[in-house]
Amino acid sequence: MAEGIRRRSWAEPWKVKVVEPVRVTTRAERESALEEAGWNTFLLRSRDVTIDLLTDSGTSAMSAQQWAAMMLGDEAYAGSANFYHMEEAIQTVYGYPHVVPTHQGRAAEHIISKVLISPGDVIPGNMYFTTTRMHQELAGGTFVDVIIDEAHDPDSEHPFKGNVDLDKMRAVIREHGAKRIPYVSLAATVNMAGGQPVSLGNISALHELCRGHGIPIYLDKTRIAENAWFIKLREPGCADKSIREIILEMCSHTEGAWMSAKKDHLVNIGGYLALRDERVFEEARNLVVVYEGLHTYGGMTGRDMEALARGIYESVDHDHLHSRVGQVVYLGEKVAREGVPIVKPIGGHAVFLNARKFLPHLPQDAFPAQRLTGEIYLEGGVRTMERGIVSAGRDMRTGEHNRPALELVRVALPRRVYTQAHMDVTAETVLEAWDRRDAIKGLEMVYEPKYLRFFQARFRPL
Ligand SMILES: *Cc1c(COP(=O)(O)O)cnc(C)c1O
């Protein structure tokens, strides 16, 4: 893993201007909080959490520039100046001509799924994402995973585990026919595989293959800056390209994209569709007024859009990405060195603990990753998230659990929020749970909501 980031240490390219106190709790307080939350970290109150690594979504710290931008909010119902700033930033950095704003990523997924998918369609993609697949299914489509096999193997050191397997893609086209495939759903990076990147070569080859069949590629570019960082570091011939050049090249192979601005764009809320196709744009722009708001705000305030516009430029800054991904690698290496099984290579936004290997005595039906999130919380007030059988939900047709190969705990790092000392304490907390892993038992699910159950399900210790 010679990543270049290791030879010389880095420091965050910012200093702290405002601090937000966090509460340190006792073990007894955490025990009662976890029980009240039904062993679901999504149901904990944040005041009971000391280091919050539940998600990198909407949890980033904004820069002084972004906070200043908030004062430039033009809260006009129609035609806000901030929308045009945001639109220009998206056109400049990603190269898509048309923008439809939404309040966050899943709203963009909802609209694009409605526009592009007809009942009975098949949507190939590089591993599912929870909300993405849900909207594809609600629109009548079926998601088919065409990611390379290495992505399902937490120990594979493949540098681009987000890549599409072109043979799998050809097989889907043969089986269903190009007419039943409205688009390929390509994510950069792949969250569920461990924040793993797609290579530029793979995107280009996929484009070549799809073009021959008239199938467009739509990009979930939620973490595209982190993906571009890995391309620069790992892909032959890309070391001298700038992050912005790499991003433009990635997008050039795609017909459009959806975005959860709460991740890469360093804001607390926001999203959008970015599109080339005039007809798709027209329909999406029409639908957004039904579900979100007028097409020049789409559920965001003017100040949100202004902060987002600035966040786009900050997100593609070399030094920002160096320290951002460097912090994730720092934490990952620290726990891996002590023998804790993690997904390799270490991803862009999170360290993923391999719960199957951490708790090998538990069957997947005892929700090992869910249990481990609870144990890590009890140990040190560190909040993480399950990414395994609970997140995978049930098969809509058979009603059976989907059983993913990966049973993971995601330790996600908000951008520009925590220090190296927080990372040290997090690592120590995981190690405490690791030391007593043999005594950790499973869970049973006592409440299961119908949609995206991981958010609200409740559990009881066995
Ligand atoms: C978070 C996320 C989404 C959904 O976006 P929200 O802003 O949470 O609605 C879609 N795709 C990926 C890869 C994500 O990580």
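The structure displayed is predicted, hence computed values, not measured ones. One-based numbering, in listed order, for ligands and for the atoms of each. All residue numbers refer to positions in the sequence shown, counting from 1.
- In this structure, the side chain of D395 does not engage the main chain of H401 through any donor-acceptor pair within 3.5 Å.
- The pair K221-D264 fails the salt-bridge criterion, with no side-chain N (NZ, NE, NH1 or NH2) lying under 4.0 Å from an Asp/Glu carboxylate O.
- Distances below 4.0 Å separate heavy atoms of G105 from the following atoms of ligand 1: 5 (O), 6 (P), 7 (O), 9 (O).
- In the model, H422 has a side-chain atom that pairs as donor or acceptor with a side-chain atom of T419 under 3.5 Å.
- Salt bridge status for E314 with R416: present, with a side-chain N to carboxylate O gap under 4.0 Å.
- Heavy atoms of K262 found under 4.0 angstrom from ligand 1 belong exclusively to the side chain.
- In terms of protein heavy-atom proximity, atom 8 (O) of ligand 1 is closest to R106 NH2, 3.0 Å.
- Heavy-atom proximity to N191, at under 4.0 Å, picks out these atoms of ligand 1: 15 (O).
- Taking the six-membered ring where tryptophan is involved, the planes of Y183 and W258 are perpendicular, since the angle between them exceeds 60° and thus also 30°.
- Atom 13 (C) of ligand 1 has its nearest heavy-atom neighbour, among T130, D56, T189, D220, in D220.
- Here the heavy atom of the protein found nearest to atom 7 (O) of ligand 1 is S260 OG, 2.6 Å.
- Under a 4.0 Å criterion applied to the non-hydrogen atoms of T222, ligand 1 contributes the atoms 11 (N), 12 (C), 14 (C), 15 (O).
- By the neighbour-count criterion of 12 heavy atoms within 6.0 Å, atom CD of E448 is densely surrounded, having more than that number from other residues, nucleotides or ligands.
- Ranking the protein heavy atoms by distance from atom 3 (C) of ligand 1 puts F129 CE2, 3.5 Å first.
- Y77 and Y297 have their aromatic ring centers within a separation under 6.0 angstrom.
- Considering backbone and side-chain N/O of Q104, one or more are found under 3.5 Å from N/O of ligand 1.
- For atom 10 (C) of ligand 1, the closest heavy atom belonging to the protein is E109 OE2, 3.1 Å.
- Ranking protein heavy atoms by distance to atom 4 (C) of ligand 1, first place goes to T131 OG1, 3.5 Å.
- Regarding atom 15 (O) of ligand 1, its nearest protein heavy-atom neighbour is K263 NZ, 2.7 Å.
- With 3.5 Å as the limit, one finds a donor-acceptor pair spanning the side chains of E306 and H85.
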